[in-house]
There are 2 protein chains.
Amino acid sequence: MPAKPSARTARRSGAAPASAELRERILSATRELLQESRFDTLSVADILTAAEVSRASFYFYFPSKQAVLGELVREAVTQGQEAAQPWIDGRQDPVAALRAGVREGARLWSANAGVLMAIVESWGSDEDLRALWLEQMDLFTDAAVARIRSDPHVLRRLGDADVRAVAASLTWMGERLYYLAAAGVPPFDDEETLVEVLTDAWTSILYGRRDPAQLSEARPTVGDDTGSATRDRRSS
Amino acid sequence: MPAKPSARTARRSGAAPASAELRERILSATRELLQESRFDTLSVADILTAAEVSRASFYFYFPSKQAVLGELVREAVTQGQEAAQPWIDGRQDPVAALRAGVREGARLWSANAGVLMAIVESWGSDEDLRALWLEQMDLFTDAAVARIRSDPHVLRRLGDADVRAVAASLTWMGERLYYLAAAGVPPFDDEETLVEVLTDAWTSILYGRRDPAQLSEARPTVGDDTGSATRDRRSS
DNA sequence: CCATGACCATACACACTGTCCGGATAGCGC
DNA sequence: GCGCTATCCGGACAGTGTGTATGGTCATGG
């Protein structure tokens, strides 16, 4: 069966074949594809087409599509570490800093929804991705632990509880809620709701109170519950 | 190429070829296989071998291996609904009931670790499984919402927060932590730690206090933190 | 002017899924 | 005992993926 030997010869003409240019193309293409497809339904062939790269080249730069995802995750997550900083170094009001961090996290997640959803869905099935993701979660946990340890008020409140376990819980609760938000699962698909509930949870657990400040923020009546539906992202 | 026409003829001899007997064999075999393999690395062929069933028969009873998982999940999750009952109908001390429910949940998860890990890892990639799991989580959420609504103390404390969102957060935090425990991710791989931290989180958020009772329970010094390692189940 | 390195097309070995078909066999009515 | 039918089996096949291997093309630079 004769394949069409059509126009696939207009590339080398481009400016610089700078060493790892194809590598970049692969990365970008994958990142974009992930915005509309799930990682596991994405075939290498799809990436090849989108990046206009040959199979051989792909496997020259990456050992597998999982490796590509790993790279993208590292990129995305680096920014995340920074979002948490304000709360970590604890120069501001903790609750305010926390809320700001949570909101920043939400922004970050929606900006990189494709990549982050992909890693969350895939770290269970690939050794390298698993190590990568667990390491990232550990970093957040470490930061939270440090912050908690440096706050006598929180320490007292926590009593004899396992500080690291508490910190890890908070980290993973965040991971899950952000993921659900990105996946369009109600009620987390609404950013405002997400931020409120996450912040409340963190402050309740650590500081034993809900943030009074939130009441002053302009937030329309919630009109909550009665929502058992299952709406999905991917339909936009 | 002559295949060995060997001993595959010792089954029909068995007692009753009662209608859906093969179906049962498939279910059990899969359940057992899931205790040592991940769902996505499990091929239909593996199930066929384990259940001593032909490919044709398999596809007669189930449209796909996902459907098998769905069935197993329904079985496992039904028990879960009951575990939550004591807290739901709220005749006992809420915190005590909560703690008991959380512990029961932990037991349930470790008893059905294979199946439950499988659904958690797979609901993102299959329409039916997704609907099934989201429905289950919604059921738990509904129950929590009802319980919260019927408790003026909690209601007051929650203020204008979105009740359903809070309930959903608690549900999903549980899902994630139980999963991590089953997956052997520290510090949740220790049941005691898991139960404590989950109960504390729920009570902190809902009742604004940690349970004083827990201090009286015999619980050895935690010797917490300094654990960033990544140990995996599947190695037992 | 040709060697080299970057890249491509193609095709292959292997694995898995889901479908289809020609039997084999056991129980059952007769 | 005899054929019927429901049930189940082995095996083959098409379709789709992945990862590897082979040989060819083209621009550049020595």
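Chain identifiers are assigned alphabetically (A, B, ...) following the order of the sequence lines, protein sequences preceding nucleic acid strands; residue numbering begins at 1 within each chain. Hydrogens, waters and symmetry mates are skipped; everything else that's a heavy atom, side chains included, is used.
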In this structure, how many angstroms lie between the C1' atom of C:dT17 and the CZ atom of B:F39, rounded?
13 Å

Within this structure, what is the CG-to-P distance between A:L48 and C:dC7, rounded to whole angstrom?
14 Å

Can you find a heavy atom in the side chain of A:L108 that is under 4.5 Å from one in the side chain of A:N112?
yes

Rounded to the Å, how far apart are A:D40 CG and C:dC16 C1'?
15 Å

Could you check whether any side-chain heavy atom of B:L206 comes within less than 4.5 Å of a side-chain heavy atom of B:L170, counting everything from C-beta outward?
yes

Does C:dC8 have its OP1 or OP2 closer than 4.0 Å to a side-chain nitrogen or oxygen of A:S57?
yes

Applying side chain to side chain donor-acceptor pair (under 3.5 Å), name anything that partners B:E175, two or more places apart in sequence or on another chain.
A:R176, B:W133

Send over the distance from B:E52 CD to D:dC9 C1', rounded to a whole Å.
13 Å

Show me the donor-acceptor pairs within less than 3.5 Å that the side chains of residues 68-75 of chain B make with the rest of the protein, sequence neighbours left out.
from: B:E71; atom 1: OE1; to: B:R23; atom 2: NH2; distance (Å): 3.2
from: B:E71; atom 1: OE2; to: B:R23; atom 2: NH2; distance (Å): 3.0
from: B:E75; atom 1: OE1; to: B:R31; atom 2: NH1; distance (Å): 2.6

From CZ of B:F60 across to P of C:dT19 the rounded distance in Å is 14 Å

What pairs of donor and acceptor atoms, side-chain ones from residues 40-48 of chain B against any protein atom, are under 3.5 angstrom apart with sequence neighbours left out?
from: B:T41; atom 1: OG1; to: B:R38; atom 2: O; distance (Å): 3.0
from: B:S43; atom 1: OG; to: B:A45; atom 2: N; distance (Å): 3.3
from: B:S43; atom 1: OG; to: B:D46; atom 2: N; distance (Å): 3.2
from: B:S43; atom 1: OG; to: B:D46; atom 2: OD2; distance (Å): 3.3
from: B:D46; atom 1: OD2; to: B:S43; atom 2: N; distance (Å): 3.1

Atom of A:A201, atom of A:M173 and distance for their closest heavy-atom approach
CB-CE, 3.3 Å

Which nucleotide wins on minimum distance to the side chain of A:V53, given the candidates C:dC7, D:dC9, C:dC8?
C:dC8

For a 4.5 angstrom cut-off between non-hydrogen side-chain atoms, does B:E196 reach B:V102?
no

Estimated bend of the helix from C:dC1-D:dG30 to C:dC30-D:dG1 (axis per five terminal pairs, rounded to 10 degrees)
20°

Fit a plane to each ring of A:Y179 and A:W109, take the angle between them on a 0 to 90° scale, and name the class: parallel (under 30°), tilted (30 to 60°) or perpendicular (over 60°).
perpendicular

Which whole-number value in Å describes the distance from A:E24 CD to C:dA6 P?
16 Å

How many whole angstroms separate atom CG of B:D46 from atom P of C:dA15?
12 Å

Using a 4.0 Å heavy-atom cut-off to protein, can you give one letter per nucleotide of nucleotides 15-21 of chain D, 5' to 3': B if the base is in contact, S if only the sugar-phosphate is, - if neither?
--SBBB-

Expressed in angstrom and rounded to an integer, what is the separation of B:L69 atom CG from C:dT17 atom P?
14 Å

Which residues pass the side-chain contact (heavy atoms from CB on, under 4.5 Å) test with A:A67, sequence neighbours left out?
A:F62, A:P63, A:S64

